[in-house]
Amino acid sequence: MTRSATAPVVVVDDDVRVGESLKALLESAGFDASSFDSAVALLQSGMLASASCLIADVHMPEIDGFELYRRAKQERADLPVIFISGRYEEHARQFAVRVGAPFFDKPFGADDLLRAVHAALTPRGGGRQVRNE
């Protein structure tokens with residue numbers, strides 16, 4: 001499944017290897033992608049304004065994924081967000097469910113994440129929520 005986004009899918013993960021790996025995965029699937037190692041770096045870049053989708057790690061120093069979500073939604077209420085996490089925490093999963101965002105525990109399948117990104121970029125009504133159980 002390839003799809004070219006007109007704006008980049010932005011990955012924010014404090015593990016640089018994960019961020020770069022996800023960026024490469026997204027690019028191999030035909031998406032324009034950018035990676036940041038912190039929420040602060042993303043917010044300072046100004047790229048949030050042009051992102052097509054945000055993939056955010058839940059656990060990051062300074063600004064965690066949930067606070068990044070809140071700030072992103074203040075600036076761009078329509079921005080799709082996908083959460084990823086290396087730790088299983090039920091409250092994190094419940095937050096994602098409450099706000100209607102997909103949530104993936106690391107490690108997750110590349111195809112699962114790509115389907116979630118594709119669904120996030122599909123106009124509402126045509127897509128369905130993708131869940132990782």
Side-chain angles (χ1 to χ4, degrees):
M1 145 189 12
T2 59
R3 173 181 165 87
S4 179
T6 58
V9 175
V10 175
V11 177
V12 184
D13 195 308
D14 59 320
D15 184 333
V16 174
R17 294 169 299 167
V18 170
E20 289 301 315
S21 175
L22 292 178
K23 179 180 183 278
L25 171 68
L26 291 160
E27 289 174 341
S28 74
F31 294 99
D32 183 15
S34 294
S35 176
F36 293 87
D37 64 1
S38 73
V40 172
L42 169 62
L43 294 170
Q44 290 175 343
S45 76
M47 188 173 276
L48 187 60
S50 64
S52 62
C53 181
L54 173 63
I55 300 173
D57 186 18
V58 170
H59 298 284
M60 297 183 287
E62 296 183 68
I63 299 174
D64 67 19
F66 299 130
E67 180 60 23
L68 178 58
Y69 170 86
R70 287 181 196 83
R71 292 182 188 195
K73 289 298 187 169
Q74 285 178 337
E75 187 174 326
R76 303 259 322 275
D78 64 333
L79 181 66
V81 177
I82 297 169
F83 291 107
I84 59 176
S85 180
R87 297 184 227 166
Y88 179 83
E89 293 179 5
E90 188 58 31
H91 80 277
R93 183 175 296 280
Q94 291 302 320
F95 178 87
V97 167
R98 191 169 55 251
V99 300
F103 184 96
F104 293 93
D105 292 306
K106 297 175 191 173
F108 46 80
D111 289 340
D112 293 333
L113 182 67
L114 291 174
R115 275 192 293 275
V117 171
H118 179 72
L121 297 176
T122 300
R124 298 294 176 217
R128 64 178 181 82
Q129 184 171 355
V130 178
R131 295 185 58 204
N132 176 342
E133 304 279 346

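All values derive from a computational prediction rather than experimental measurement. In what follows, every heavy atom counts, from backbone to side chain, and hydrogens, waters and symmetry copies are set aside.
Cys53 approaches Leu121 most closely through the heavy-atom pair CB-CD2, 4.0 Å. Of all the heavy atoms in Ala49 and Arg76, the pair that sits closest is O-NH1, 3.3 Å. Between Asp13 and Gly19, the shortest heavy-atom distance links the atoms CB-N, 4.3 Å. The shortest non-hydrogen separation linking Pro8 to Ser34 is CB-OG, 4.1 Å. In this structure, Ala92 and Val58 approach most closely via the heavy-atom pair CB-CG1, 4.3 Å.
Asp15 meets the side-chain hydrogen bond (donor to acceptor under 3.5 Å, both in side chains) test with Arg17; sequence neighbours excluded.
Using a 4.5 Å heavy-atom cutoff, the side chains of Leu79 and Leu48 are in contact. No side-chain heavy atom of His91 sits under 4.5 Å from any side-chain heavy atom of Gln94. With contacts defined as side-chain heavy-atom distances shorter than 4.5 Å, the pair Met60/Ser38 does not qualify. Looking only at side-chain heavy atoms (C-beta outward), Ser52 and Val9 come within less than 4.5 Å of each other. Side-chain contact between Lys73 and Val99 is absent, with no heavy-atom pair separated by less than 4.5 Å. At a threshold of 4.5 Å between non-hydrogen side-chain atoms, the residues Asp57 and Val18 do not count as touching. Considering only heavy atoms from C-beta on, Leu26 stays 4.5 Å or farther from Asp32 through its side chain. No side-chain heavy atom of Ser35 sits under 4.5 Å from any side-chain heavy atom of Leu22.
Atom CZ of Phe83 sits about 8.0 Å away from atom CG of Leu54, to the nearest 0.5 Å. Taking CD1 from Ile82 and CD1 from Ile55, the interatomic distance works out to 5.0 Å, rounded to the nearest 0.5 Å. The CD1 atom of Ile84 sits 4.5 Å away from the NZ atom of Lys106 when rounded to the nearest 0.5 Å.
Counting heavy atoms of neighbouring residues, nucleotides and ligands inside a 6.0 Å radius, atom CD of Glu62 does not exceed 12 of them.
Ion pairing of Glu27 with Lys23 is present here, as a side-chain N (NZ or NE/NH1/NH2) and a carboxylate O approach within less than 4.0 Å.
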Notebook entry, point to check: Does the side chain to side chain contact (heavy atoms under 4.5 Å, CB included) test come out yes or no for Leu43 and Ile63, once each step is laid out?
Noted result: CA-CA 10 Å; Leu43 294 170; Ile63 299 174; 3.9 Å; yes
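Each of Leu113 and Val16 belongs to its own hydrophobic cluster when Ile, Leu, Val, Met, Phe, Trp and Tyr are linked at side-chain heavy-atom distances under 4.5 angstrom.
Residue pairs meeting the salt bridge (charged side-chain N to carboxylate O under 4.0 Å, His left out) criterion with at least one member in residues 34-48, sequence neighbours excluded, do not occur.
Ring geometry for Tyr69 against Phe95 counts as perpendicular: the plane angle is over 60°, on a 0 to 90° scale with 30° as the lower cut.
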